[in-house]
Amino acid sequence: MNFKRFLMILLIAGLAVFVAACGSDSEGDSGSDSNSDSGSDSSEETSSEGGESESASGDSESVEGEVVIDGSGTVYPLMSRLAEEYMTTQENVSVEVSRSGTSAGFEKFLVEDGTDFNDASRLIKEEEQAKAEELEIETQQLKLALDGLTIAINPENDWATEMTPEQIKSIFLADGGVETWSDINPDWPEEEIVVVGPNENHGTYEFMYETILEEKDLVSDINLQQEYSTLVQLVAEDPNAIGFFGFGYYVNNQDQLQAVSVDFGNGPVEPSLDTIAEDGEYADFTRPVFTYLNVNNAQEKPQVLDYALYVMNNVNEFAGETGFAPIPEEEAQTQLEELEALQQ
């Protein structure tokens, strides 16, 4: 009996060890599943709460996706600089900036599923606004900075470094009566003037044509180009060339160009960040530049509105380094508040 009892005790003990081991394995599996579930929950919470990044609007919300911008070649350096900086703070947003020109850009902006922003070196036209209304696209104009129309000549040109607006117009007007430099001033070379400028896709062309030349025809042999880099090259390679573009393109190519100082009546004024202003010394050749926001897209895509808020929060910081005079802070603040109202 004692031996049988001893075997029974051994059997019970063995069963106890086996049950304990199974229980331990079962708890281990359960713990693994629990951690997996917890990890999944934790991931979801991080995505919606803990993983949120600080948005440009100042709210703590995650933004991601694409922002598509086209339009003005003049505005391009400023907008691309803002986009570059923005993407360092919002790594999940891709901002694509192109430069087909103001008018060509509006064609891409004012269509179904068009671009989110159109940069413009002029105001939107009545027919463009009518197109927006026809398509039920709500647009919001954002004034970004101030640009000075710059008349650029070759560095070897040491005679036409100062001119009046009337002399400049005579070079670019079809009925200006000017073909050679000596037609402007008999002391200047009797060499034919080579005239270049941006083509009709650009707001800079329209500013020159509509505002400076008062909608009179440009000289017939003007060489109009799509790319500003081509214009820079044309002027840089020919001592008799003269062209026009935004101040930023001159600033970034001062080693190849020189700017004409314009005498508006009180002595020659060189375009600079100090003289470019709507009420300053270079006011007659100063213009605001803009970007136009597709409000529908901004309300449907958080990243678009977030980028717009970032732009108006930071545009004055980057204006000067890209060749633009900043707008008054109160103007920037007013536009920022209008954008913030879209969040409500």
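For the numbers below, each heavy atom of this structure counts, side chains included, while hydrogens, waters and symmetry mates do not.
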For residues 234-245, dump all side-chain donor-acceptor pairs below 3.5 Å to protein atoms at least two apart in sequence or in another chain.
{"unit_1": "E237", "atom_1": "OE2", "unit_2": "Q233", "atom_2": "NE2", "d": "3.1"}
{"unit_1": "D238", "atom_1": "OD1", "unit_2": "N240", "atom_2": "N", "d": "2.9"}
{"unit_1": "N240", "atom_1": "OD1", "unit_2": "W181", "atom_2": "NE1", "d": "3.0"}

Distance-only side-chain donor-acceptor flag, E329 / N316, under 3.5 Å: yes

By side-chain contact (heavy atoms from CB on, under 4.5 Å) - contacts of E133 (at least two apart): Q129

Between S182 and T180: side-chain donor-acceptor atoms closer than 3.5 Å: yes

Full working for side-chain hydrogen bond (donor to acceptor under 3.5 Å, both in side chains) between N157 and Q258: CA-CA 9 Å; N157 182 331; Q258 65 173 320; 5.2 Å; no

Residues forming a side chain to side chain donor-acceptor pair (under 3.5 Å) with N154, sequence neighbours excluded: none

Close side-chain approach of E192 and D221, heavy atoms under 4.5 Å: yes

Residues, nucleotides or ligands: over 12 heavy atoms within 6.0 Å of E66 CD: no

Partners passing salt bridge (Lys or Arg N to Asp or Glu O under 4.0 Å) against E64 (at least two apart in sequence or in another chain): none

Greater than 12 external heavy atoms within 6.0 Å of E126's CD: no

Salt bridge (Lys or Arg N to Asp or Glu O under 4.0 Å) involving R287 - partner list, sequence neighbours excluded: D147

Any donor-acceptor pair under 3.5 Å from S80 side chain to P77 backbone: yes

Flag side-chain contact, heavy atom, 4.5 Å: D306 against V93: no

side-chain contact (heavy atoms from CB on, under 4.5 Å) between L305 and Q299, intermediate numbers included: CA-CA 7 Å; L305 180 55; Q299 292 176 324; over 6 Å; no

Please tabulate, for the side chains in residues 135-142, all donor-acceptor contacts under 3.5 angstrom to protein atoms that are two or more places apart in sequence or on a different chain.
{"unit_1": "Q141", "atom_1": "OE1", "unit_2": "Y292", "atom_2": "OH", "d": "2.8"}

Min side-chain heavy-atom separation D119-V289 under 4.5 Å: no

Which residues share a side-chain contact (heavy atoms from CB on, under 4.5 Å) with E85, sequence neighbours left out: R81, T88, Y310, F318

Flag, side chain of Q226 to backbone of N201, donor-acceptor distance under 3.5 Å: no

Apart from V68 itself, residues in the same hydrophobic cluster as defined by side-chain heavy atoms under 4.5 Å: none

Residue E166 excluded, over 12 heavy atoms near CD under 6.0 Å: yes

Other residues, nucleotides, ligands: >12 heavy atoms within 6.0 Å of E91 CD: no

Derivation and outcome, side-chain contact (heavy atoms from CB on, under 4.5 Å), residues E206 and K125: CA-CA 11 Å; E206 294 175 86; K125 294 181 177 180; 2.5 Å; yes

Minimum-distance pair of heavy atoms, taken over all atoms of E128 and L110: O-CD1, 3.2 Å

Test ring-ring contact (aromatic ring centres under 6.0 Å, His included) applied to Y282 - qualifying residues, sequence neighbours left out: F264, F285

Other residues, nucleotides, ligands: >12 heavy atoms within 6.0 Å of N266 CG: no

T89 side chain vs Y86 backbone, donor-acceptor pair below 3.5 Å: yes

ring-ring contact (aromatic ring centres under 6.0 Å, His included) against Y249, all qualifying residues, sequence neighbours excluded: Y228

Under 3.5 Å: donor-acceptor pair, side chain of T150, backbone of A152: no

D70 (side chain) donor-acceptor with S100 (main chain) under 3.5 angstrom: yes

Expected output: side-chain Q167 to main-chain T164 donor-acceptor under 3.5 Å: yes

Aromatic plane relationship, F247 with Y250 - under 30° parallel, 30 to 60° tilted, over 60° perpendicular: tilted

Within-4.5 Å side-chain heavy-atom neighbours: F207 and L149: yes

Backbone N/O of T275 and side chain of S272: donor-acceptor pair under 3.5 Å: yes

Any residue meeting salt bridge (Lys or Arg N to Asp or Glu O under 4.0 Å) with K216, in chain and number order, not counting sequence neighbours: none

For K131, all residues meeting salt bridge (Lys or Arg N to Asp or Glu O under 4.0 Å), sequence neighbours excluded: none

Any T102 side-chain heavy atom under 4.5 Å of Y205 side chain: no

Separation between CD of E270 and OG1 of T161, rounded to the nearest 0.5 Å: 10.0 Å

Exceeds 12 heavy-atom contacts within 6.0 angstrom, atom CD of E281: no

Charged N-O contact under 4.0 Å between E210 and R122: no

Residue E337 excluded, over 12 heavy atoms near CD under 6.0 Å: yes

Separation of W159 CH2 from D187 CG (nearest 0.5 Å): 13.0 Å

